[in-house]
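Only one structure is covered here, and it is reproduced in the block below.
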Amino acid sequence: MSRQLSTRTFLGGLLLVIAAASGCVGVRTGVSWADLSLVGEAQNILVAYNDRLLLVDPADGELVQLRDAEGRVRNDEDGRPLRWELNGDETGSQFFSAPIFVADDEVRAVDYSGRVFEINFDAARIDDPDFFDLEGQVLADQRLVDNVLLVPFMERDLVAYDRDTLAVLWRFETERGIWSQPLVMDDVVYFTSMDHHFYAADLETGEEIWRVDLTGALASTPLYDPESERFYVGSFNRRLFAVSMNGQIVDEYRSEDWIWSTPVLVDDVLYFTDLSGHVYALNAADFSQVWKVRPSEDGIRPSPLVAEDTVVVASRGGRIYWLDRETGATRTTGEENAPLVRAVGEEILSDILLIEPNETNELSEPLVIVSTVNNGRLLIAFTLENGVELWRYPR
Amino acid sequence: MWDLIINPFSTILTALYALLGNNIVLAIVVFTIAIRLATSPLLLQQQRSTRKMQELQPKLTKLKEKYKNDREKLAQEQMALYREAGINPLGGCLPLLVQLPILIAVYQAIIHALAGTPFQLIDLSGRLLLPGLDNLVPLDNTWIGMDLTLPPTTNPAYALALPLLVLVTTWLQSKLTIPAVPKSADGKPDPTASMTASMTTIMPLMFGFFSLSFSVGLSIYFVVSNIIGIVQYTLMGKAQWRSLLGMAPAPQPATQVVTGKATPVETEAASKSVASKNGASPRTTQPPGKKNNKARAK
């Protein structure tokens with residue numbers, strides 16, 4: 001009996017360990033999703049995800065080719081074009097926040113474990129892999145204001161460093177860490193913390209000016225509206241708050257689920273999403289509801305992209321929805337009036353980018369860029385107008 | 001489908017966290033105890049079933065010998081024997097199969113509740129089924145200076161005691177529940193039993209090793225679960241403390257071996273069990289089947 005029991009226990013335990021180790025989370029690697037930002041006139045897409053930093057050309061979805069001072073493409077020893085790609089694997093690094101430009105051709109990237117790398121941007125080369133160690137985990141984008149580099153740490157603090165020497169200027173402690181990029185206006189730093197508080201601190205000294213308890217974890221950067229002089233911030237306690245410049249809650253709206261993204265304000269209407277797949281449009285002035293739809297039963301993490309007459313949202317189920325900005329209804333396309341929905345088959349958590357055409361990037365129409373958690377489908381470009389897929393990176 | 005189990009578990013764990021003064025370690029301990037107690041009937045049923053199977057072992061061996069060249073007939077006779085004894089041959093597996101998803105769900109619930117990264121935290125959304133629990137998120141996942149979401153290797157050095165505790169408690173639990181290797185008829189160790197016994201070494205090492213890379217919170221769960229398992233087996237009178245301490249096992253009455261309906265088969269097995277215990281090595285707790293084989297061999 002005991003032998004049979006033990007064999008089964010052993011096999012059961014083994015299965016348990018394998019199932020648990022796999023975590024049932026598909027293709028995800030690392031701890032967070034890709035950070036996308038746009039660089040330069042060409043609006044190249046700078047991607048920070050896991051062990052890679054990449055620069056992708058929005059025109060064709062290829063890695064940007066490196067060029068010399070005369071603008072000629074640089075080739076490697078085998079005559080192949082050199083491309084903008086940094087592999088953090090060599091240094092054991094993972095990147096989830098956007099590198100920061102400290103000069104035209106000089107970039108600093110902070111990896112997840114807080115190590116700072118000095119990168120020669122034109123050469124796509126890490127000049128100094130041991131430039132500095134901030135000694136803390138960094139998940140969110142940093143903010144550079146003049147000579148002050150503000151670094152939000154995942155575990156606890158917001159720290160202000162001297163841009164050049166990285167000497168600590170001040171340190172602001174919160175109870176649960178900061179997962180979003182701080183805002184700076186008029187020498188005041190505004191930031192949210194997972195400890196449920198929205199803080200304002202003096203940029204020069206780091207002294208607290210005010211704090212307000214928003215009753216739930218805050219994982220997104222607040223939106224500031226200069227016209228109404230209000231901040232808008234969503235919380236895990238299923239609420240969107242309007243907060244005045246002096247830290248008073250002036251309005252709140254109850255959502256169906258956690259809000260993890262920054263709302264978007266266009267023409268006095270706030271658009272935001274929640275993690276049960278709802279998309280909301282509210283009048284910013286009084287928080288009255290314009291419309292509320294649930295295009296997806298999967299959660300929606302990224303902020304909505306509002307452009308022209310369309311609101312684009314992307315779900316955890318890997319679907320992208322084009323909604324009518326006036327009504328929230330899913331737009332249709334073609335003669336058959338099919339819903340304008342695209343499926344990419346992988347979880348989408350990163351914010352959506354809009355790339356407008358200009359003389360440098362030679363695009364013919366605006367592009368919507370989404371990023372999945374799968375390295376094999378890291379970037380996918382669609383036309384804003386009718387959702388036609390143009391390219392994928394990697395191909 | 002997993003969400004049907006994981007979501008209530010995550011909710012209960014988070015609610016316990018709130019009830020126990022925002023202490024996640026206490027919540028894990030209480031939750032693990034509750035789950036182990038809730039699955040006790042399954043454990044008992046599994047034990048009962050495997051015991052019955054073992055009592056049939058002599059007859060099965062006999063049938064195997066008799067019909068070694070006729071698999072079809074062997075299968076028929078085996079099924080007839082099971083029917084006669086009122087045993088479902090899968091009876092020992094089914095409770096385990098029910099327990100396995102529960103254990104995986106407990107494991108996943110702890111991972112979700114600890115949620116130390118965006119990927120983990122976003123997976124917690126929608127899992128908390130009771131209103132008001134959202135505002136507890138993220139749970140305080142630090143304990144005596146350790147970050148429970150991180151492995152021991154990235155925590156203070158004393159966190160390395162946890163994989164060691166996992167190793168020791170897993171070993172202890174295995175040692176107390178898996179019998180010593182008996183000799184077969186030819187005097188050599190039974191290969192199946194040897195393999196089983198070697199698991200008492202492999203499993204603790206494996207779990208200890210995994211605990212080095214798993215979060216500290218999970219190590220706590222493993223340790224608590226093992227300790228509760230030891231207590232459970234001890235209370236059921238199945239823990240072989242005497243064997244572990246190098247002492248002869250206390251003789252057990254036959255009625256403790258025979259459970260359920262007293263069919264003729266079981267009665268026969270029980271009497272063989274008593275006979276085998278009288279003649280077997282003091283460290284051997286594999287009574288009826290092996291001894292019976294031995295008798296026949298002679």
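Remember, it's a predicted structure, so these values are computed and weren't measured experimentally. Order of the sequence lines sets the chain letters (A, B, ...), proteins ahead of strands, with each chain counted from 1.
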Subject >> Partners meeting ring pair (Phe, Tyr, Trp, His ring centres under 6.0 Å) with A:W258 (sequence neighbours left out) >> reply: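 Checked A:W258 against ring pair (Phe, Tyr, Trp, His ring centres under 6.0 Å); matches are A:F236.
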Return the option, out of [options], with the maximum number of heavy-atom pairs under 4.5 Å with chain A.
options                        : value
B:G132, B:S213, B:S125         : B:S125
B:L218, B:N141, B:N135, B:T142 : B:N135
B:D147, B:L133, B:I122         : B:I122

**OP:** Under 4.5 Å heavy-atom distance to chain B, tell me which part of A:S276 shows up: side chain, backbone, both or neither.
**Re:**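 Neither part.
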**OP:** With a 4.5 angstrom heavy-atom cut-off, could you sort out which part of B:I110 is near chain A: side chain, backbone, both or neither?
**Re:**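 No part of B:I110 comes within 4.5 Å of chain A.
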For the [atom1] atom of [X] and the [atom2] atom of [Y], what is their distance to the nearest 0.5 Å?
X      : Y      : atom1 : atom2 : value
A:I178 : A:Y199 : CD1   : OH    : 8.0 Å
B:F207 : B:N226 : CZ    : CG    : 8.0 Å
B:I228 : B:R36  : CD1   : CZ    : 6.5 Å

Original post:
Passes ring pair (Phe, Tyr, Trp, His ring centres under 6.0 Å), A:Y253 versus A:Y280? Steps please.
Top reply: CA-CA 10 Å; A:Y253 174 87; A:Y280 306 81; 5.7 Å; yes
